Amino acid sequence: MNCLCDEILQLILNELNNPATFALLSKRHYEFTQDPYVRATYFLARYGRVQALYWAMGRGKLMNERVLDILLGSGAHLSRYLVQLAMHHYFRTQVTFIKTRWVRTLTFPVFAHFLSIAARMYGNIPTGKSEDDGTILTMFMKQNRFPTEYRAAKWEQVRDVVEKYKFLPFSDRDPMMAQFPLVLAIEPRLLPYARSNGFHMDRKYRNFVFRRMFEKPAIMFDARTDEIVQNVRELSRLDPDMFLSRTVAAEICMEAKTNEPAYAALKRLDKDGILRFELSSVVHELIKLFLNTRSITTPSVATVLRSLYKDFPSQDPTVRLVLLLTVFLFDPQPLPTITVLQKSATIARYVEKCSVTIEEMELGPLTRKDITDVLLSKFVPERFGGILEYARSAMELDDGEIKGLVQDVALGCLEIGCKGKMLAKLVDAYPFLSNIIAVHIVKKYPLQLEDLPPAEDEKACKEFGAPLCADFMMRRGVPLTFEEVTAPPAPAVLPAPMQVDDPAAPAEDGANAEQAEGGDSEDEEGAEEPEAPGEPEEDLGAIGQDTLSAMIRKDEMLPARRRRYHELYTNYHDSIGKLPYPADYTQVGTWLQNHYGHLSAVAAVVRIHAVINQNYTVLHHHTYTPNGPMMTSRVPTTLKQFKILARLGRTPSMGLYDDIEAGTEFYFSEEDYLGQEELNGTVQTPAKRPRRARHPVKSEPSPTPGPSTAGPSTSASASTSTSRQIGSSSTLGSGSRKRPRRSVTSSVKSYVVPDSDDEDILLEGEDDSLQRFAKRKKAESNMQRWIKQLAVLFKEEQKKYNDRKRRIHAATPPGVKVKVPKTEFHKSLAFNLPRLRRIDRVKREKLYGADVPDEDYSESDEDEYQYRTTRSKRRRVQAKVEKMEED
């Protein structure tokens, strides 16, 4: 260190927070740090020209008259505002945002020298309360919403504070550091003076500044629009980085009816070419956001969207659909609760009003596809009879076309998760839809393992989703963002109707499909147009549904440096309108299971889709019934559902394990409890059908009937119990092994002396209950069947994991450790399979006593997660032999 030159020592000193310890290293370092130039260079290099004097005056032991002169001579900024706060802090009271001793660490001669320099620069300095320059600018900022003649701080006074007295916030802790950009937004003519003082406008304050420019004044005055346009022009001219973003423009458009001067100024700026984007594109994208949010049903929002559409008309089909929704949902008067078309004065007025509004906004003429799209909106109320009446009377659709329209709507509602109530009303009004929906689901939506992406393609498995029972708030357990919620989906081609009475309907549907495909191409072309400008799209800002006043309120409530908590400072009305589902809804999957019954082909298909999409509301629909949980209405859990989750690598719902724990019957797939005709959709699916076995059990009489040793009653009861067990085991499917029939041997009188190890040994004098208990003791329960099959599945997962781990390690360079993660399904099964085994053992101990044998139904020798309570006899004997050999 002693061999280093002074320049290197200066660089080292500039990096230290506390240079006092550096001076204690040696005599040379001590003498080096005593140099006034070294100390002044330290503060200038470490804190910059603006804040150097503020930090230097807080280190009284390092400051003297010579250091102070060098700092000011080297360009350190000294404003009258800093002098005023230093005098307050030294002589009177502590400054609110300074919690240290600051200038009180200076000796009085040094502080007196500082005051003499300030007096030569600024003359008589006001020191009274609320007379400092910061207070003047704060008052000017608060009164900016008043007309110019009513403001206490005039333009000339504010200009002198910045130009003559060199105002500039001198610390990051100073609240004026965040408020000063607002002053420049209110009066952009101050920007050149602020720049000469060393101020640089940070880009992060851009939206903050322009929101204040367009803020609604407390008292409206005629010159407000001209004032906004002039301020925006001046600020954009003086600072190229300060321009009006699309975010603020969309917020101003949301106040087109309540803040008319700001909206008029925005349109004038767009007309004069001051904006860096087309205002019409912002308006059209803003209107599209309301297609999937609840705020479309708010009358104030509908009024704003209509006003924007009149100023910036568009041929975009999504924009037109949003405007049609504002027409059909705007009427505040409730309609009669009907779905079948009836004559009603209220509905007649509703139809007439909608017709007039559509004609005024030039949205007509409407087609059958337009009415279908309106009815397929998430926010169309249950009382949609008025819309159907409009289609019949205003569009002159006959009964056949109305039935085709209703059928298209019913089939389209299947893939919209929150349209359960509308489906229920449609089926109640048009009963023929029940069979059409059932056949459509069974034929179009069944999923097999072959339909899933391969397990090796992890990205495809992660993104795979089933079309039914999609969760509209979460995706695989992760909440959706606002951008994902409001993204308008691509118009899907409506499914072809199964049977239509009107012969012209299929041709019309084909035309609609072609029209939908054409709409897709138009959307894609329109989506590529904003990418044409040379500047990236994201630099112009994102578009949201918040109003200008709401964002200004968030900026005022939000503490400094806490931008990540921005969404926490919202009220109920700010967030409720952004929800992607209506206020009162029913899941489509829940309605389908309740309507068609839990033992139906429709419920089986819905169950698989809900398992894939991890929609827990549909999976556990029996717990959300009005009368409380209904355990008997559960859709059967099958091994196929676990295999699908294993292919996709997703976590099974805990409800599936709860069903196994509750003793649900084991099925390989839905084919074990449903007939083939029902699975093919050729047989009408009845609701709430009773549970039945797929393969009927054939009862065989005993070849040599005779009295048993336990009596005829015992033999009959045993035979009945055994046939029940055989019948239940035969329903598991063809994959289970058939056990030998014991009813034959049990009904034949045997004269063989039973051995001590015979399983069928019965003590003389035991009653019938003990005999039934002995026969039931060795029966395999449903939980044990589940454990056995899940253990096989777990063994396959472990094998696939080992193979993948081996491949990855082989491709990894030597010496590099790579951790291969397990799939979520693998980890879930590794945790729950031992838990099920423990539960099964506890149940068997309660039934048969503590001496129940440790039976393993896993058939998995490589299962490292097997639950073992005691060591096997073979291992105990082997351990004793090894111990004896050692002795």
Side-chain angles (χ1 to χ4, degrees), residues 376 378 410-420 422-424 434 436-453 460-478 480 489 492 495 580-581 585-624 633-656 659 667-674 678-681 685 824-825:
L376 287 178
K378 300 177 183 178
L411 299 182
C413 288
L414 295 177
E415 298 186 12
I416 305 175
C418 56
K419 300 285 284 185
M422 187 170 182
L423 267 177
S434 181
I436 294 178
I437 292 174
V439 174
H440 182 75
I441 291 176
V442 173
K443 288 189 174 182
K444 181 179 179 180
Y445 294 107
L447 289 176
Q448 306 296 335
L449 287 174
E450 295 77 13
D451 302 329
L452 304 178
C461 291
K462 184 178 180 180
E463 296 178 354
F464 182 81
L468 298 182
C469 303
D471 197 339
F472 43 82
M473 279 302 294
M474 304 183 71
R475 184 170 298 165
R476 290 181 290 277
V478 180
L480 296 176
Y581 55 87
Y585 68 94
T586 299
Q587 290 265 8
V588 172
T590 301
W591 178 82
L592 290 173
Q593 295 181 61
N594 293 334
H595 179 73
Y596 293 100
H598 61 286
L599 294 178
S600 62
V602 173
V605 174
V606 169
R607 174 82 166 189
I608 292 178
H609 284 244
V611 166
I612 293 176
N613 294 329
Q614 295 180 329
N615 192 329
Y616 303 119
T617 304
V618 178
L619 285 175
H620 313 304
H621 73 285
H622 53 275
T623 62
Y624 297 97
S633 63
R634 291 187 178 185
V635 180
T637 302
T638 63
L639 186 64
K640 176 182 175 181
Q641 299 168 9
F642 283 92
K643 289 184 177 180
I644 288 177
L645 292 174
R647 170 72 69 86
L648 299 176
R650 299 179 184 176
T651 307
S653 170
M654 285 304 299
L656 301 181
D659 290 348
Y667 296 109
F668 281 97
S669 66
E670 62 273 8
E671 297 178 359
D672 291 348
Y673 63 90
L674 293 174
E678 189 174 356
L679 290 173
N680 293 335
T685 305
E824 296 297 328
F825 178 84

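No experiment lies behind these values; they were computed from the predicted model shown.
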Quick one: does [X]'s side chain have a donor or acceptor within less than 3.5 Å of a partner on [Y]'s backbone?
X: Glu670; Y: Ala601; value: no
X: Asn613; Y: Leu468; value: yes
X: Gln614; Y: Thr651; value: yes
X: Arg650; Y: Ile612; value: yes

To the nearest 0.5 Å, what is the distance between [atom1] ([X]) and [atom2] ([Y])?
X: Leu411; Y: Leu376; atom1: CG; atom2: CG; value: 10.0 Å
X: Cys469; Y: Arg607; atom1: SG; atom2: CZ; value: 10.5 Å
X: Leu645; Y: Lys643; atom1: CG; atom2: NZ; value: 13.0 Å
X: Tyr445; Y: Asp451; atom1: OH; atom2: CG; value: 14.0 Å
X: Asn594; Y: Thr586; atom1: CG; atom2: OG1; value: 9.0 Å
X: Glu415; Y: Lys444; atom1: CD; atom2: NZ; value: 5.5 Å

Grab the two heavy atoms, one from [X] and one from [Y], that are nearest each other, plus how far apart they are.
X: Leu656; Y: Gln641; value: CD2-OE1, 3.8 Å
X: Leu619; Y: Val611; value: CD2-CG2, 3.5 Å
X: Cys418; Y: Tyr585; value: O-CB, 3.8 Å
X: Ser600; Y: Glu678; value: CA-OE2, 3.7 Å
X: Met422; Y: Cys413; value: SD-SG, 4.4 Å
X: Pro636; Y: Leu599; value: CG-CD2, 3.5 Å

* **Leu414/His440 under side chain to side chain contact (heavy atoms under 4.5 Å, CB included): CA gap, chis, key distance, verdict** => CA-CA 10 Å; Leu414 295 177; His440 182 75; 3.7 Å; yes
Are [X] and [Y] side-chain neighbours, meaning at least one heavy-atom pair lies under 4.5 Å?
X: Gln448; Y: Lys640; result: yes
X: Leu452; Y: Ile644; result: yes
X: Leu423; Y: Ile437; result: yes
X: Phe464; Y: Leu648; result: yes

* Could you give me the CA-CA distance, side-chain angles and deciding distance for Gln587 and Asn615, then say whether side chain to side chain contact (heavy atoms under 4.5 Å, CB included) is met? => CA-CA 10 Å; Gln587 290 265 8; Asn615 192 329; 3.6 Å; yes
* Would you call the rings of Tyr596 and Trp591 parallel, tilted or perpendicular, where under 30° means parallel and over 60° means perpendicular? -> perpendicular
* To do: List the steps and the verdict of side chain to side chain contact (heavy atoms under 4.5 Å, CB included) for Ile608 and Thr638.
  => CA-CA 10 Å; Ile608 292 178; Thr638 63; 5.9 Å; no
* What's the verdict on side chain to side chain contact (heavy atoms under 4.5 Å, CB included) for Phe642 and Arg647, showing C-alpha distance, side-chain angles and the deciding distance? -> CA-CA 9 Å; Phe642 283 92; Arg647 170 72 69 86; over 6 Å; no
